[in-house]
Structures are given as C-alpha cells and as structure tokens.
Amino acid sequence: MTAPIRIVLDTTAITGYAGTSVAVGEVITEVGEENALVALPIACLVEAYRSVPDDQLPAIGLLVGHPSITVVDTDPADWLALAGLARDLGRSDVAAALLLAIDSDGYVLTAEPDAYGNPDDMPVIPI
C-alpha cells in the first residue's frame, strides 16, 4: 500500500525550501513521521527550478531525493480539469498543486495563499 499524500508543496514552498525555509522542512518532517508523503507537482518543481538562484539548485535536488517526498505529474485524463483551474487561477503551476491536493484529500503548502482564490474555501496552508 502506498503512503497517502498529505501535503502538496507549490512553487513558493519549493523555493522556500531551497532558500532554507525552516517551516517547510518542519512540515516535511512531521508528514514523514505520520508515514505519509509530501508531493511535488512537476509543474511546480519545474517553475521553482527555473526561478531560484543557481546556488539554491542543489537544495531542490536534495528535496526531490528526500524519503518523504514524491514527485507527481498530472494524470493526462485530468487535462481538462487542470486547464480549467489554470484559466480560473491564471497559473498552471498553482492549478497543478490545487488539483493534486484536491485529488489526494491533502493541502497545498504555499507562501501565496491568495493565488488559490479564497483561502478559506480552499485546502491551503499558508507559510
């Protein structure tokens, strides 16, 4: 049985981790202690890798290799749901994180909770 996904790191959480955010590291540790997983949507991982300074790139590699981390791509069958969310939210990486959190009954960890619409109505945890 595969461990459940509890938290999805969006682009801002991944870049925060690369910039040595203690809060993101603590969440990863807590989720791992619960025998659950933290997911990195491919779209967020790519955007974070593109946007961090060169000296923070190794941290993203360490994050991907962490035992509590799983890298997840959007199911091709969900392309229309992803496209609709991207239209509504204005960003495909934000849409990918939200769709994965909804599909896994988890939460998005983010430094930009407003990017997801009304944070009170969304499965979003601000950092």
Side-chain angles (χ1 to χ4, degrees):
M1 180 176 184
T2 303
I5 294 171
R6 294 284 184 244
I7 298 291
V8 176
L9 300 187
D10 77 353
T11 302
T12 64
I14 296 169
T15 59
Y17 180 89
T20 66
S21 168
V22 173
V24 176
E26 287 176 348
V27 169
I28 294 168
T29 299
E30 290 172 14
V31 170
E33 288 172 352
E34 296 172 2
N35 296 314
L37 294 171
V38 174
L40 307 178
I42 289 277
C44 298
L45 188 57
V46 168
E47 184 59 24
Y49 193 87
R50 183 196 66 76
S51 65
V52 298
D54 289 347
D55 65 330
Q56 293 180 2
L57 292 175
I60 292 180
L62 290 173
L63 178 64
V64 169
H66 191 286
S68 297
I69 295 291
T70 185
V71 177
V72 180
D73 202 357
T74 304
D75 184 332
D78 291 337
W79 77 268
L80 189 56
L82 178 62
L85 280 173
R87 277 182 71 102
D88 291 345
L89 300 173
R91 288 176 48 192
S92 58
D93 61 328
V94 169
L98 182 57
L99 183 61
L100 180 55
I102 290 169
D103 285 350
S104 62
D105 291 324
Y107 296 87
V108 177
L109 189 67
T110 181
E112 296 177 338
D114 292 339
Y116 295 87
N118 183 350
D120 294 334
D121 296 335
M122 295 295 163
V124 172
I125 299 172
I127 51 172

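None of the values given here were measured: they were computed from a predicted structure.
For the atom pair CG (Leu100) and CD1 (Ile5), the distance works out to 5.0 Å, reported to the nearest 0.5 Å. Distance CD/Glu30 to OG/Ser68: 11.5 Å, rounded to 0.5 Å. Taking CG of Leu40 as the start and CD1 of Ile14 as the end, the distance is 4.5 Å to the nearest 0.5 Å. With values rounded to the nearest 0.5 angstrom, Arg50 atom CZ is found 11.0 Å from Thr15 atom OG1.
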If you apply the rule side-chain contact (heavy atoms from CB on, under 4.5 Å), what do you find for Leu9 with Ile28, and how did you get there? CA-CA 10 Å; Leu9 300 187; Ile28 294 168; 4.2 Å; yes
Evaluation steps, side-chain contact (heavy atoms from CB on, under 4.5 Å), between Asp78 and Asp103: CA-CA 10 Å; Asp78 291 337; Asp103 285 350; 3.5 Å; yes
Checking side-chain contact (heavy atoms from CB on, under 4.5 Å) for the pair Leu45/Ile60: CA distance, chi angles, key distance, verdict? CA-CA 8 Å; Leu45 188 57; Ile60 292 180; 3.7 Å; yes
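Closest of all the heavy-atom pairs between Ala36 and Ala3 is CA-CB, 4.2 Å. Nearest heavy atoms, Ala18 versus Gln56: O-CG, 3.5 Å. Minimum interatomic distance between Gly106 and Pro123 (heavy atoms only, all atoms of both residues): O-CB, 3.4 Å. The shortest non-hydrogen separation linking Pro67 to Leu37 is O-CD2, 4.2 Å.
Grouping the Ile, Leu, Val, Met, Phe, Trp and Tyr side chains by contacts below 4.5 angstrom, directly or via other members, places Val38 with Tyr49. Linking Ile, Leu, Val, Met, Phe, Trp and Tyr whenever their side-chain heavy atoms come within less than 4.5 Å leaves Leu99 and Val46 in two separate clusters. Met122 and Ile125 are assigned to two separate hydrophobic clusters, defined by single-linkage of ILVMFWY side chains at heavy-atom distances under 4.5 Å.
Within the structure, every pair that satisfies the side chain to side chain donor-acceptor pair (under 3.5 Å) test and touches residues 86-100, not counting sequence neighbours, is listed here: Thr11-Asp93, Arg91-Asp93, Arg91-Glu112.
Qualifying side-chain hydrogen bond (donor to acceptor under 3.5 Å, both in side chains) partners for Asp121, counting only residues two or more places apart in sequence or in other chains: Asn118.
Of the residues listed (Leu89, Leu82, Thr110, Val8), the one engaging Leu98 in a side-chain contact (heavy atoms from CB on, under 4.5 Å) is Leu89, and it is the only one. For the pairing with Val31, the side-chain contact (heavy atoms from CB on, under 4.5 Å) check across Leu109, Ile7, Ile69 returns one residue only, Ile7. Of the listed residues (Val108, Val124, Asp10), just one forms a side-chain contact (heavy atoms from CB on, under 4.5 Å) with Pro113, and that residue is Val124.
In this structure the side chain of Val94 reaches within 4.5 angstrom of the side chain of Tyr116, judged on heavy atoms. With contacts defined as side-chain heavy-atom distances shorter than 4.5 Å, the pair Val24/Leu63 does not qualify. A 4.5 Å side-chain heavy-atom check between Val52 and Leu57 finds at least one atom pair inside the cut-off.
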